[in-house]
Amino acid sequence: MPELPEVEALTRTLRPLVAGRKVLGCRVIHAIAVQPTSRRGAEQAAAAIEKNARGRTIRAVARRGKYLLLLLDRGCLVLHFKLDGQLIWFPTRRISGHVDVAFEMRGGTLAFVDRRHFGRVQWVDAPEDVPGIRKMGVEPLSREFTAARLAELLRTSRRPLKAFLLDQAKIAGLGNIYSNEAMWRARVSPQRPAYRVTRQQARRLHKGIVDVLRRALECCLRPAPDFRDPNWWFQGLETILAVYGRAGEKCRRCGGTIRRIEQSGRSTFWCLRCQR
DNA sequence: CCTGCTACCTGATGGC
DNA sequence: TGCCATCAGGTAGCAG
């Protein structure tokens with residue numbers, strides 16, 4: 001379940017490993033992992049990825065929301081991990097286990113792996129060609145994301161706050177876990193319509209979002225991702241979570257009971273007593 | 001434009 | 001123990 005902090009940690013860790021390297025070969029092993037996913041479309045897209053990635057040099061490794069971008073000297077590889085996607089680095093061209101897409105380079109092979117086939121790889125001329133990226137909202141760890149900006153965005157939406165926070169076109173990179181945590185930190189109810197979030201709550205929410213993402217990013221970088229270990233995944237993030245997955249437990253702040261409710265088909269965890 | 005619903009996948013989990 | 005049903009999650013695409 002990589003959200004912004006996890007993808008940012010992957011990006012930073014991958015950068016020194018592949019930036020400046022040439023993609024000697026690209027193999028799409030499971031076409032289901034490429035976008036678009038219709039049967040014919042996927043095969044065409046798979047061929048396009050292989051053709052367009054081969055021989056290109058990786059100029060930069062970047063992140064936009066939950067997307068990881070490999071900016072090539074011509075075009076761009078766009079990776080989305082969805083729930084369980086991961087990256088594995090093999091020190092040779094020999095790969096093993098389940099691999100969906102392999103990028104061969106001097107010194108090793110970068111593999112995109114997702115047994116559940118939710119994650120996607122695609123090649124585009126420019127990142128903005130991906131609709132999800134073109135519509136992407138403000139980056140919450142950037143300077144443009146201020147309390148005033150958040151308040152302004154909140155005013156424009158009548159949806160429940162939870163749905164607002166999950167909307168990537170409003171704020172980039174929040175998922176089910178950190179949106180829950182941000183609302184708990186801000187003491188705001190997930191059911192409150194976005195436009196009814198008060199000025200003061202918006203200030204607290206802004207701080208809650210920034211703080212929880214920064215804290216999670218610290219955790220994600222220590223220890224840093226290990227692409228060489230196929231079983232590696234982020235550890236210890238549960239310890240920074242106050243509400244997510246804690247239904248029935250006591251609220252750390254007020255002692256109330258954490259509840260799990262369903263909002264637009266997703267789990268929301270919150271404390272009815274102190275989140276208003 | 002805005003909003004909400006569902007399909008997409010398959011490993012993990014829970015019930016009997 | 002084994003089997004089956006259900007769940008989890010982010011996004012695209014579609015309907016209203």
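Numbers restart at 1 for each chain; the letters A, B, ... are given by sequence-line order, proteins then strands. Here the structure is a predicted model, which is why all the values come from computation and not from measurement.
Tested against A:Tyr178 for a side-chain hydrogen bond (donor to acceptor under 3.5 Å, both in side chains), the candidates A:Glu6, A:Arg185, A:Arg215 yield a single pass: A:Glu6.
The side chain of A:His80 contributes an N or O atom lying less than 4.0 Å from OP1 or OP2 of C:dT11. Dashed line: the shortest gap from a side-chain N or O of A:Arg159 to OP1 or OP2 of B:dC5 is not under 4.0 Å. One finds a side-chain N or O of A:Gln168 lying less than 4.0 angstrom from the OP1 or OP2 phosphate oxygen of C:dT11. The side chain of A:Ser157 places an N or O atom within less than 4.0 Å of a non-bridging phosphate oxygen (OP1 or OP2) of B:dT3. Side-chain N/O atoms of A:Lys66 include one lying less than 4.0 angstrom from OP1 or OP2 on C:dT11.
Ring orientation note: the planes of A:Phe112 and A:Phe81 are close to parallel, at an angle under 30° on the 30°/60° scale. Under the 30°/60° scheme for interplanar angles, the aromatic rings of A:His117 and A:His30 are found to be tilted.
Protein atom CG of A:Asp114 is 10 Å distant from nucleotide atom P of B:dG11, rounded to whole Å.
Heavy atoms of A:Tyr67 sit under 4.0 angstrom from primed sugar atoms or phosphate atoms, though from no base atom. Heavy atoms of A:Arg266 sit under 4.0 angstrom from at least one base atom. Residue contacts for A:Arg260: at a heavy-atom cut-off of 4.0 Å it reaches the sugar-phosphate backbone alone, with no base atom in range.
With hydrogens and angles ignored, a donor-acceptor pair closer than 3.5 Å exists between the side chain of A:Arg116 and the base of C:dA8.
Aromatic pair A:Phe145/A:His206: centroids less than 6.0 angstrom apart.
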